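Scroll down for the structure; my scribbles are underneath it.
The figures here come from the full heavy-atom set of this structure, side chains too, leaving out hydrogens, waters and symmetry mates. Note that this is a predicted model, so its numbers are computed, not measured.
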Amino acid sequence: MKGDRKYIWMFLFPSAAFLTIFLYYPFFKSLYFSFYRTKGFFDKKFIGWDNYERLFSDKMLGQATLHTLEIMLYVIVFQVGIALVLAVMVDNITKLKGFFRSVFFFPVVISGTAISLLFVLFYNYNFGLLNNLLTSLGFEKVLWLSESNALKAIAVPTVWHYVGFYFVLFVTAMSKIPEDYYDAAKIEGITGFKKMVKLTIPLIMSDIKVVITLAITGTLKVFDFVWVISRAQNGTEVLGTYMYKKAMVDQNFGYGSTVAIYMVVLGVVIALLANRLLKSDEITY
Amino acid sequence: MQPAISNGQQIRYSKTKKRFSLGTAFMYIVLTAWSLTTIYPLFWIFNNSFKESRDVMNKSFSLAWDPVLTNYTTAFDRINIGKSYLNSIIMSGSTVIFVLLFGGLAAYVLSRFNFRGKRVIYSILYATLLVPAFATVVPVYELLIKTSLVNTYWGLILPQTAGNLTFAILVIAGYMSTIAKELEEAAFIDGCNRWQMFMKIFMPVSRPVFASVTIFVFLWSYNDLFSALIFVSKESVRPIVALLSEISSQYGTDFGLMATAVTLTVLPILLIYLFISKFIEQGLTEGAVKG
């Protein structure tokens, strides 16, 4: 169409400007900061690869990475797993489908901060819901946020939060499978559990892959649960909180940026790895 | 169409016959159990928000038969939660408007025009999804300080608009590329220019995807604690999640107040969700899986 060039530029311009100013430029600036030793914004000194050397000898960072990976494992196994099981079940029932779909989504719309506060109240040693329950059943109280438990205790709301999101993605994917596949399976006598393993799951494999990738990148962003529930103490430091502490609390922008770059690289590597491991042929109906 | 419909009914009949099988009963039990984990905590917190703090501690399971409103009056008078509500709505609302307008325009170009470099733009956009807020926060913070935008509404609106644009563009473009070419041609013959075409044809036709993007962008910006803590931490502009985090560290022992603050944050979002859940699922169907 005549004059299209003008419109292409005009329509793309605002988004391009926003992304450049607030994403691309800052991203490269972070890369730049990672080669400096800084104290606030005004005092900075070029130090080459020093920050990266520090990165590899930083025990706290190593621990934060391990904690993040541990949560990632829980997320992939339980969050994606529970979502898949629930989706298969909802796909197989006839009544109340809509009800379950709405209700399972509840936690997704709630902020991580609010959910965290909810769990603060659950885990409280003296008065929390869980210990209330235990004592009323005649058991001893449990210190839920102890050094050995705290990370798992935080993983619970983290996992619970997004099950509904992946559940809806799976249900949607399943609803797109043509009915005749199931009819054929029925004639062959394939039903129940076998049908799920042999038919449903292979057919939605590409969606499972997308979900696992989303879960991995999502876990790297975990911040509010840890920050609100434990303030990242008691062996619950994760990469997000560690970066926040270095950059914002200590005002060490140089090293904070280095940690952030490390997080991006780690995320890309794990996502690529997961994609490679889950490689499967695209299925089109 | 007729045979197909009756066929579908037959299948349903055969399914209803098996309704009382053990497997189905088991599935309903599991599904109900999971729905209890999503409903009960919300009910628990809502119920406890109407109790005195010591009752939250000692009798957290009992129903609040004679509700006390002290927590609510404290929340509004002493902590000024109303102001935080307003801040949240202004900032998240503006973010949504910018994302829809700018993201919509970009999506329109990417889905309906052919030009060199389009594939490159798509690749860049997908790569952008991998950049977390952590990797941009320090320079953005510096930028906002230099332009005196930190601790103003713009201090959150601008970065969050940028942060949500990629998602919006990809999802909206996915939807717009399915719109029939004939519609566009007809509008062009009627004398629409590209701008009018966007406003009069593409915006209205893409209403479902715009609705779902609205919901998600609103949710994500309303719920984003990390950016709020850094860019708008001052009391006068602080959104509700930042206030919530503040309450937990300052009034951590006042359980009644905490329950109330959580209730007040969650309730409006949950109510809105109940009314528009249809759109959310529609939106997820249209875009998120492919995106």
### Task
Look up atom CG in B:Asn223 and atom NE2 in A:His161, then write down how far apart they are to the nearest 0.5 Å.
6.5 Å
### Query
Heavy atoms, side chains only, cut-off 4.5 Å: are B:Tyr28 and A:Lys95 in contact?
yes
### Task
State whether the side chain of A:Ser15 and the backbone N or O of B:Phe102 hold a donor-acceptor pair below 3.5 Å, judged by distance alone.
yes
### Query
Who among B:Thr166, B:Leu110, B:Leu229 has the most heavy-atom pairs with chain A under 4.5 Å?
B:Leu229
### Best-contacting candidate, A:Phe122, A:Phe100, A:Tyr32, A:Phe27, against chain B by heavy atom pairs under 4.5 angstrom
A:Phe100
### Message
Would you say CZ of A:Phe78 has more than 12 non-hydrogen atoms from neighbouring residues, nucleotides or ligands within 6.0 angstrom?
### Response
no
### Message
Which atoms of B:Ile247 are under 4.5 Å from chain A, going by heavy atoms: the side chain, the backbone, both sets, or neither?
### Response
neither
### Task
Kindly assign one of parallel, tilted or perpendicular to the pair A:Phe253 and B:Tyr141, based on the angle between their ring planes and the thresholds 30° and 60°.
perpendicular
### Summary
d(B:Met27 CE, A:Ile93 CD1) to nearest 0.5 Å is 7.5 Å
### Query
Which residue out of B:Phe115, B:Phe226, B:Phe134, B:Trp195 racks up the most heavy-atom pairs below 4.5 Å with chain A?
B:Phe134
### Message
Do B:Leu143 and A:Pro26 make a side-chain contact, defined as non-hydrogen atoms from C-beta onward lying under 4.5 Å apart?
### Response
no
### Query
With under 30° as parallel and over 60° as perpendicular, where do the rings of B:Phe198 and A:Phe11 fit, or are they tilted in between?
tilted
### Task
Supply the atom-to-atom distance A:Tyr7 OH to B:Phe113 CZ, rounded to the nearest 0.5 angstrom.
9.0 Å
### Task
Taking B:Tyr273 for its side chain and A:Ser102 for its backbone only, find out whether a donor-acceptor pair lies under 3.5 Å.
yes
### Task
Any chance you could measure B:Thr161, atom OG1, to A:Ile21, atom CD1, to the nearest 0.5 Å?
11.5 Å
### Task
Side chain from CB out, backbone as N, CA, C, O: work out which of these in A:Val90 comes under 4.5 Å of a heavy atom of chain B, or both, or neither.
both
### Query
Can you say whether A:Leu239 sits under 4.5 Å from chain B via the side chain, the backbone, both, or neither, judging by heavy atoms?
neither
### Message
I'd like to check B:Leu270 versus A:Val109 (side-chain heavy atoms, cut-off strictly below 4.5 Å). Are they in contact?
### Response
yes
## Note on the structure
Interface check, chain B: of A:Asn124, A:Leu96, A:Thr217, most non-hydrogen pairs under 4.5 Å belong to A:Asn124
### Query
Is it the side chain or the backbone of B:Trp220 that comes within 4.5 Å of chain A heavy atoms, both, or neither?
side chain
### Task
Flag the one option from B:Ser248, B:Ala106, B:Ala135 with the top tally of heavy-atom pairs under 4.5 Å to chain A.
B:Ala135
### Task
Go through the steps to decide whether B:Leu105 and A:Leu12 satisfy the test side-chain contact (heavy atoms from CB on, under 4.5 Å), and finish with yes or no.
CA-CA 7 Å; B:Leu105 284 171; A:Leu12 284 180; over 6 Å; no
### Contact class of B:Val241 relative to chain A, heavy atoms under 4.5 angstrom
both
### Task
Heavy-atom pairs under 4.5 Å with chain B are the metric here; pick the option from A:Leu86, A:Asp224, A:Leu19 that has the most.
A:Leu86
### Task
Under 4.5 Å heavy-atom distance to chain B, tell me which part of A:Leu220 shows up: side chain, backbone, both or neither.
backbone
### Pick from B:Ile169, B:Asn193, B:Thr37 with the largest number of heavy-atom pairs that fall under 4.5 Å of chain A
B:Thr37
## Note on the structure
Given A:Ser111, A:Ala271, A:Ala260, the one with more heavy-atom pairs under 4.5 angstrom with chain B than any other is A:Ser111
### Query
With a 3.5 Å cut-off and no angle check, do the side chains of B:Thr136 and A:Tyr24 form a donor-acceptor pair?
no
### Message
For chain A, which candidate among B:Thr32, B:Val99, B:Thr265 shows the most heavy-atom pairs at distances under 4.5 Å?
### Response
B:Thr32
### Query
How about B:Trp34: does its CH2 atom have over 12 heavy atoms from other parts shown lying under 6.0 Å from it?
yes
### Query
Is the closest side-chain heavy-atom distance between A:Leu121 and B:Trp44 below 4.5 Å?
yes
### Query
Would you call A:Met243 and B:Val138 a side-chain contact if the rule is heavy atoms closer than 4.5 Å?
yes
### Options B:Leu158, B:Ile39, B:Val30, ranked by heavy-atom pairs under 4.5 Å with chain A, top entry
B:Leu158
## Note on the structure
Heaviest contributor of heavy-atom pairs below 4.5 Å to chain B, chosen from A:Val228, A:Leu118, A:Val85, is A:Leu118
### Query
Would the number of heavy atoms belonging to other residues, nucleotides or ligands and lying under 6.0 Å from OH of B:Tyr40 be above 12?
yes
#### Entry: B:Thr38 side-chain N/O to A:Val103 backbone N/O, donor-acceptor pair under 3.5 Å
yes
### Query
What distance do B:Leu244 atom CG and A:Thr113 atom OG1 have between them, rounded to the nearest 0.5 Å?
6.0 Å
#### Entry: Part of A:Phe119 within contact of chain B (heavy atom distance under 4.5 Å)
neither
### Query
Is there side-chain contact between A:Ile110 and B:Ile269, with at least one heavy-atom pair below 4.5 Å?
no
### Point-to-point distance, once rounded to the nearest 0.5 Å, from CZ of A:Phe99 to OG of B:Ser35
5.0 Å
#### Entry: Residue B:Ile240 versus chain A: region with a heavy atom under 4.5 Å
neither
### Region of A:Asn126 in contact with chain B, defined by heavy-atom distances below 4.5 Å
neither
### Message
Counting only non-hydrogen atoms closer than 4.5 Å, does B:Ile230 touch chain A with its backbone (N, CA, C, O), its side chain (CB onward), both, or neither?
### Response
side chain
#### Entry: Any B:Leu130 side-chain heavy atom under 4.5 Å of A:Val264 side chain
no
### Query
Taking all non-hydrogen atoms of both residues, which atom of A:Arg231 and which atom of B:Ser249 are closest, and how far apart?
NH2-CB, 3.8 Å
### Summary
All heavy atoms of A:Phe33 vs all of B:Glu142, minimum pair found to be CZ-OE1, 3.5 Å
### Query
Where does B:Thr263 contact chain A at under 4.5 Å (heavy atoms): side chain, backbone, both or neither?
neither
### Query
Given a strict heavy-atom distance threshold of 4.5 Å, which part of B:Leu165 is in contact with chain A: side chain, backbone, both, or neither?
side chain
### Query
B:Leu274 versus chain A, heavy atoms under 4.5 Å apart: side chain, backbone, both or neither?
side chain
### Query
For A:Phe13, does the CZ atom have more than 12 heavy-atom neighbours from other residues, nucleotides or ligands under 6.0 Å away?
no
